[in-house]
Amino acid sequence: PEGPVALDMGPMTIAGEISGERVSDPNKQGDWPAITYGRDGSQWAIWIEWNDKDADRVLFARRPANGAWQAPMEIQDGNWDHYSPAIVTLPEGVMALWSGQSDGNYDLFAAAISNDGKISRPERLTTARFSDFNARAVSDAAGNVTVVWQSFRNLSGDIFARRYSARWGPETRISEDKAKTLADDWDPAVALDRNGTAWISWDGYKTGNYDVYLRSFDGRPSKAALGDVIAMTTEPAAQFHTSVAVDNQDRVWVAWDEADQNWGKDFSKVSSAPGSRGLHYSRKIGLRVYANGRVQAPSADFAAILDGRATRFAELPHLSFDSSGALWMVFRHWTLSQPTEIYHFYATRLSGDKWSTPVRFSQSSGHNTQHASLVQSPDGGLSVAYASDGRSATVKPTDQMHALHYNVYVSKLTRGDGPPATKFADVQLPPPQPKSAPRPRATMSRNGKTYRLLMGDAHRHTDIRGHSGVDGSVLDTYRYAMDAAQLDWLGTSDHNIVTSNWPDGLRDYQWWYTQKTVDLMSHPPVFIGVYSYEHSLNAPSGHRNMLFLKRGAPLRVADRVNNKDDNLPPNVWEWVKANVFQQAGQKLVIVPHTFGEVSQPIGSFLWDNPPFDCLLEIYQGARSSYEAWQLPAGEKRGNSQVTEKGHFAQDALNRGNLYGFVSFSDHGSTHNSWACVWAPK
């Protein structure tokens with residue numbers, strides 16, 4: 001009853017809506033956009049376009065000053081999979097930067113593009129073993145480019161930077177870990193001051209929760225290039241997803257969004273840590289300024305302009321100053337409550353000592369975690385790029401397999417009336433909490449071999465099918481797994497069958513970027529992602545999670561209402577044999593769950609299970625345990641088991657079926673029910 005589903009706080013008051021101009025092909029999936037302006041007044045956009053099957057590509061488009069958008073062009077880098085592009089201004093064109101999957105992992109690439117559309121040969125900027133991604137970049141008047149990114153190296157995620165001044169300088173590690181906590185650092189942002197010094201913000205987990213950090217970098221190939229690491233937050237709540245902007249007095253403004261204390265720690269039907277209420281119970285936005293060597297808080301109260309659901313769900317801020325010096329914030333907000341998961345971007349401006357009533361970008365609807373790109377325009381205002389699939393209470397996919405198309409849009413924000421006239425007060429940061437010791441890894445020796453106990457979860461839902469905001473985004477779910485839960489492996493498991501009330505769900509495009517995220521986040525031996533989804537059927541099959549060995553497994557689309565044969569387990573198994581096992585080297589494990597749950601389609605064990613349908617989810621923190629029918633209270637967890645015989649683990653075994661047992665989590669529950677695997681390394 002405390003979750004988002006039960007709490008309808010009403011809509012947020014807005015001052016109106018701003019339309020956007022579509023840039024990408026409406027018949028394709030265009031996502032992860034960024035924009036900039038050229039010295040000649042031309043506007044540039046870059047994004048990733050999926051081919052609807054097995055590859056995507058980097059596209060850019062240019063609009064001359066006072067002209068129309070020209071046809072998009074592809075940057076050919078020889079890679080089939082791409083992520084998070086950035087684009088910045090050069091004296092005679094622009095520079096594009098992006099992540100491309102090459103040699104089995106994502107590395108950073110760059111290419112210069114002239115005003116007449118000539119593309120330089122893409123240059124590979126990183127060669128680390130695991131992902132280099134989440135790139136953000138800025139350039140100065142001389143054409144020097146600073147790029148920052150996140151990389152999984154040395155057993156943890158770290159923040160790096162490079163500067164281009166006619167040629168690329170060396171990599172510089174921005175985040176540091178003097179205590180060798182092996183904590184992850186995430187999501188860098190970057191802005192320049194008047195001297196060309198880059199100010200880089202990020203969040204990290206070295207204190208056992210996410211705190212926000214800031215550091216300067218002037219691009220020189222020496223340790224003197226780096227300023228001290230400045231803690232912008234030390235409170236015990238989770239503060240992450242930063243943005244940074246520098247005003248005309250070289251004050252550094254840093255924004256973030258904030259979750260609860262003990263975010264990602266124990267939370268379930270039967271237990272929870274103080275303050276823990278799931279991965280997306282609430283979000284609020286924080287803002288501080290670093291000036292004159294001090295961390296300060298502006299007197300303008302951002303929360304004062306929020307009402308309705310926005311008092312609980314305002315997140316993913318993006319900061320930028322227009323030419324008047326006015327500060328703009330674009331942020332994400334959960335617009336509509338159950339049964340639709342629809343988020344929009346909103347904009348507000350700090351003029352004087354007060355934030356303006358937010359305006360909504362009318363064509364910005366989509367899932368939770370999406371990012372905007374802000375750039376100052378030649379007229380002194382701002383341009384904002386974002387992607388949207390156009391979902392609404394009435395706009396929904398027309399079939400179960402094909403998702404609505406994400407398209408890239410660009411909107412304009414008018415020039416403000418001058419810089420903020422706000423007061424500042426020094427922030428008295430509390431001492432950072434000490435990080436708890438890493439979870440001990442259990443070992444076992446048998447027949448001369450040593451095995452390690454790997455702990456994980458393969459029943460975590462995300463904003464793809466999050467049941468009214470209770471679950472985190474795909475990206476935040478991996479943060480939870482690596483940092484809060486210290487898991488060794490994870491599979492997200494969004495539903496591939498959805499009802500007509502939901503505009504989202506695991507359709508073709510969502511399955512594509514779910515698998516992409518597995519590749520982005522995997523960095524063994526520390527962490528392994530699993531390609532998985534939930535196949536949601538009615539009785540007698542019930543719900544089953546599908547865990548695949550390799551990327552590219554097919555989705556099974558079933559009409560569970562009109563064609564009841566689709567719900568028969570033998571028909572599922574025959575489909576697997578005809579489709580999944582035809583892929584070279586592909587393997588699969590199917591895990592039935594909630595087979596004895598009163599609120600879910602129950603599962604029956606009337607057929608001999610094949611070797612790949614071999615694990616039962618015997619307990620989940622979100623609901624109950626399912627060992628046997630009508631166990632006494634002291635021998636079960638939860639109280640939602642069916643009263644009908646034949647739907648429990650003992651029934652399956654007594655019939656002669658062969659199953660192993662795992663526990664997974666399901667909606668909301670965290671840090672409470674995991675699966676364990678003994679592995680030789």
Side-chain angles (χ1 to χ4, degrees), residues 105 128-131 150-158 175 177-186 204-210 238 262-268 271-273 276 279 433-460 472 476-493 517-532 545 547 549 587 589 591 614-615 617-621 660-665 669-681:
N105 82 98
R129 181 183 176 191
F130 299 118
S131 293
Q150 176 182 343
S151 181
F152 290 120
R153 308 183 191 183
N154 303 315
L155 305 180
S156 64
D158 292 307
S175 58
D177 188 11
K178 294 180 179 179
K180 299 186 183 301
T181 61
L182 298 180
D184 289 317
D185 297 296
W186 295 85
Y205 206 77
K206 67 181 181 181
T207 60
N209 66 280
Y210 293 112
N262 283 319
W263 180 86
K265 301 296 174 60
D266 189 3
F267 176 74
S268 74
S271 61
S272 64
S276 178
L279 298 187
Q433 64 184 40
K435 184 181 180 181
S436 58
R439 174 172 53 79
R441 262 44 177 183
T443 60
M444 173 184 71
S445 296
R446 185 173 180 84
N447 296 331
K449 289 186 177 181
T450 298
Y451 297 85
R452 291 165 176 80
L453 192 65
L454 306 184
M455 304 182 74
D457 193 354
H459 197 164
R460 290 235 56 87
D476 280 358
T477 301
Y478 279 94
R479 283 174 168 260
Y480 150 76
M482 295 180 202
D483 298 330
Q486 299 181 53
L487 297 184
D488 302 297
W489 59 275
L490 176 78
T492 58
S493 57
T517 311
V518 171
D519 290 359
L520 278 168
M521 299 299 176
S522 292
H523 52 290
V526 176
F527 181 81
I528 301 168
V530 176
Y531 310 107
S532 56
N545 283 356
L547 282 60
L549 177 64
K587 294 184 179 182
V589 168
V591 188
C614 56
L615 291 173
E617 186 176 309
I618 202 166
Y619 168 66
Q620 58 172 214
F661 305 103
V662 294
S663 61
F664 289 151
S665 297
S669 173
T670 55
H671 219 74
N672 186 273
S673 43
W674 300 332
C676 304
V677 181
W678 288 108
K681 60 179 181 180

Asker: Going by side chain to side chain donor-acceptor pair (under 3.5 Å), name the residues that satisfy it together with Asp483, two or more places apart in sequence or in a different chain.
Answerer: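 Asp483 satisfies side chain to side chain donor-acceptor pair (under 3.5 Å) with Trp186, Tyr210 once adjacent residues are dropped.
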
Asker: List for me each residue that meets side chain to side chain donor-acceptor pair (under 3.5 Å) alongside Gln150, sequence neighbours excluded, and say none if there are none.
Answerer: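 So Gln150 forms a side chain to side chain donor-acceptor pair (under 3.5 Å) with Asn134.
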
Asker: How would you list, by chain and number, every residue that makes a side-chain contact (heavy atoms from CB on, under 4.5 Å) with Asn105, sequence neighbours excluded?
Answerer: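 side-chain contact (heavy atoms from CB on, under 4.5 Å) check on Asn105 returns Asp107.
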
Asker: Looking at residues at least two apart in the chain, or sitting in another chain, which of them share a side chain to side chain donor-acceptor pair (under 3.5 Å) with Gln433?
Answerer: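 Result, side chain to side chain donor-acceptor pair (under 3.5 Å) vs Gln433: Asn209.
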
Asker: Between Gln486 and Arg439 (side chain of the first, backbone of the second, donor and acceptor by atom type, cut-off under 3.5 Å), is there such a pair?
Answerer: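 Such a contact is found between Gln486 side chain and Arg439 backbone.
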
Asker: According to side chain to side chain donor-acceptor pair (under 3.5 Å), who are the partners of Asp177, at least two apart in sequence or on a separate chain?
Answerer: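 Residues passing side chain to side chain donor-acceptor pair (under 3.5 Å) with Asp177: Thr181.
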
Asker: Is there a donor-acceptor pair closer than 3.5 Å between any side-chain N or O of Ser522 and the backbone N or O of Gly529?
Answerer: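 Side chain of Ser522 to backbone of Gly529: a pair is present.
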
Asker: What salt bridge (Lys or Arg N to Asp or Glu O under 4.0 Å) pairs are there with at least one residue in residues 671-681, not counting sequence neighbours?
Answerer: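 Checked against salt bridge (Lys or Arg N to Asp or Glu O under 4.0 Å) - neighbours excluded - no pair reaches residues 671-681.
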
Asker: Once salt bridge (Lys or Arg N to Asp or Glu O under 4.0 Å) is applied, what residue pairs with a partner in residues 517-528 remain, sequence neighbours excluded?
Answerer: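 The answer is Asp519-Arg551.
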
Asker: Please report the shortest heavy-atom distance between Ser276 and Phe267, naming the atom on each side.
Answerer: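 Closest pair (atom of Ser276, atom of Phe267, distance): O-CD1, 3.2 Å.
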
Asker: So, do Phe152 and Met521 sit near enough that their side-chain heavy atoms are less than 4.5 Å apart?
Answerer: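 A side-chain contact under 4.5 Å exists here.
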
Asker: Holding to side-chain contact (heavy atoms from CB on, under 4.5 Å), I want the full list of residues that pass it with Ser175, two or more places apart in sequence or in another chain.
Answerer: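 Per chain and number, Ser175 pairs via side-chain contact (heavy atoms from CB on, under 4.5 Å) with Asp158, Ile159, Arg173, Asp185, Trp202.
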
Asker: Does the Ser493 side chain pair with the main chain of Arg460, one donor and one acceptor, at a distance under 3.5 Å?
Answerer: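 At least one qualifying donor-acceptor pair exists.
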
Asker: Which residues pass the side-chain contact (heavy atoms from CB on, under 4.5 Å) test with Ser445, not counting sequence neighbours?
Answerer: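 Testing Ser445 for side-chain contact (heavy atoms from CB on, under 4.5 Å), a comparison that skips the adjacent residues, returns Thr450.
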
Asker: Rounded to the nearest 0.5 Å, how far does CZ of Phe527 lie from CG of Leu487?
Answerer: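 If we round to the nearest 0.5 Å, Leu487:CG and Phe527:CZ are 7.0 Å apart.
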
Asker: Without placing hydrogens or testing angles, list every side-chain donor-acceptor pair under 3.5 Å for residues 671-678, not counting sequence neighbours.
Answerer:
residue	atom	partner	partner atom	Å
His671	ND1	Gly264	O	3.4
Asn672	OD1	Tyr619	OH	2.9
Asn672	ND2	Asp266	OD1	3.2
Asn672	ND2	Ser268	OG	3.2
Asn672	ND2	Ser271	OG	3.1
Ser673	OG	Gly621	N	2.9
Ser673	OG	Phe664	O	2.7

Asker: List in chain and number order the residues that pass salt bridge (Lys or Arg N to Asp or Glu O under 4.0 Å) with Asp476, two or more places apart in sequence or in another chain; answer none if no residue qualifies.
Answerer: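 Only Arg283, Arg479 meet the salt bridge (Lys or Arg N to Asp or Glu O under 4.0 Å) criterion with Asp476.
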
Asker: So do the side chains of Asn545 and Ser532 get within less than 4.5 Å of each other, counting heavy atoms only?
Answerer: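 Heavy-atom side-chain distance check fails, nothing below 4.5 Å.
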
Asker: Going by the rule salt bridge (Lys or Arg N to Asp or Glu O under 4.0 Å), which residues pair with Arg441 if we only count those two or more places apart in sequence or in a different chain?
Answerer: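 For Arg441, the residues satisfying salt bridge (Lys or Arg N to Asp or Glu O under 4.0 Å) (neighbours in sequence not counted) are Asp488.
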
